[in-house]
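Position 1 is the first residue of the sequence; numbering continues from there.
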Amino acid sequence: MENNMVGWFEIPVTDINRAKTFYESVFQIEMQLHDLGGTKMAWFPWAQDRSGAPGGLIESKDHYQPSESAGVLIYFSSADVGNELGRIEAAGGKVIQPKTQISPEIGYMALFLDSEGNRIALHSRA
């Protein structure tokens, strides 16, 4: 296999500006906002020569709906999930599973709801 299986991801949102502010606050990044003919997107920063999949937030009333219990679960990589967990509630989200060890070999995970009500996960080795 030449590439990782995931090539792109989209997180549904109902308010692109609120969601963009949430993710920028939690991950301390800047996202670019794009209007693609009525479909609004904010793209996470990415580098083509690095591992991991690029993706973004998407606001489109016809085909996308946030969910806290259904659908795909996206894991964001982190140096230590505790870093992002400490910023989630102040940014308008909710921690639903604190930092939890999966196993000594795999590391730790946590779950949170973003500002739009999506269930999102974090993973770190430490």
Side-chain angles (χ1 to χ4, degrees):
M1 192 167 65
E2 277 186 42
N3 299 310
N4 291 322
M5 293 290 294
V6 177
W8 180 261
F9 67 88
E10 294 174 345
I11 299 172
V13 304
T14 54
D15 183 326
I16 195 78
N17 292 311
R18 177 179 61 207
K20 179 179 175 290
T21 298
F22 173 84
Y23 281 95
E24 287 176 333
S25 297
V26 170
F27 291 105
Q28 300 190 334
I29 58 170
E30 290 187 29
M31 300 177 76
Q32 300 300 313
L33 192 58
H34 305 273
D35 189 332
L36 308 170
T39 296
K40 296 177 185 172
M41 296 190 75
W43 297 339
F44 289 98
W46 69 285
Q48 192 166 350
D49 60 340
R50 301 268 177 121
S51 64
L57 308 174
I58 186 164
E59 180 184 318
S60 177
K61 293 174 180 50
D62 296 330
H63 302 290
Y64 294 86
Q65 182 177 349
S67 176
E68 67 179 70
S69 61
V72 175
L73 180 60
I74 297 169
Y75 278 76
F76 284 98
S77 296
S78 171
D80 182 335
V81 300
N83 296 334
E84 288 80 13
L85 284 177
R87 296 188 286 262
I88 286 171
E89 293 192 5
K94 179 180 178 184
V95 175
I96 57 175
Q97 181 175 340
K99 182 176 178 177
T100 304
Q101 186 176 50
I102 302 166
S103 75
E105 300 79 27
I106 297 172
Y108 297 85
M109 59 85 60
L111 294 172
F112 65 92
L113 296 179
D114 70 7
S115 61
E116 307 305 294
N118 287 302
R119 180 181 53 132
I120 304 290
L122 296 166
H123 173 263
S124 66
R125 296 284 181 188

> Within a radius of less than 6.0 Å around CD of Gln101, do more than 12 heavy atoms belonging to other residues, nucleotides or ligands occur?
Replying inline: yes
> Between Phe9 and Phe44, how do the two ring planes meet: parallel, tilted or perpendicular, split at 30° and 60°?
Replying inline: tilted
> How far apart are the closest heavy atoms of Ser60 and Thr39, and which atoms are they?
Replying inline: OG-OG1, 3.8 Å
>> To check you understand the geometry: which heavy-atom pair defines the closest contact between Leu113 and Ile88, and what is its length?
In response: O-CG2, 4.4 Å
> For the residue pair Val81 and Ala110, what are the closest heavy atoms and their distance?
Replying inline: CG2-CB, 4.4 Å
> What pairs of residues pass the salt bridge (Lys or Arg N to Asp or Glu O under 4.0 Å) test when at least one of them lies in residues 104-113, not counting sequence neighbours?
Replying inline: none
>> Looking at Thr100 and Pro98, would you say the former's side chain and the latter's main chain have a donor-acceptor pair under 3.5 Å?
In response: yes
>> Please give me the minimum heavy-atom distance between Leu73 and Ala121, naming the atom from each residue.
In response: CD1-N, 3.9 Å
> Which pairs with one or both residues in residues 64-78 pass side-chain hydrogen bond (donor to acceptor under 3.5 Å, both in side chains), sequence neighbours excluded?
Replying inline: Glu10-Tyr64, Ser78-Glu84
> Can you list every side-chain hydrogen bond (donor to acceptor under 3.5 Å, both in side chains) pair that touches residues 109-126, not counting sequence neighbours?
Replying inline: Thr14-Glu116, Arg18-Glu116, Tyr23-Asp114, Asp114-Asn118
>> Please find the pair of heavy atoms, one from Met41 and one from Leu36, that lie closest to each other, and give the distance.
In response: SD-CD1, 3.6 Å
> Side-chain heavy atoms under 4.5 angstrom apart, residues restricted to Ile, Leu, Val, Met, Phe, Trp, Tyr: same cluster for Ile11 and Phe27?
Replying inline: yes
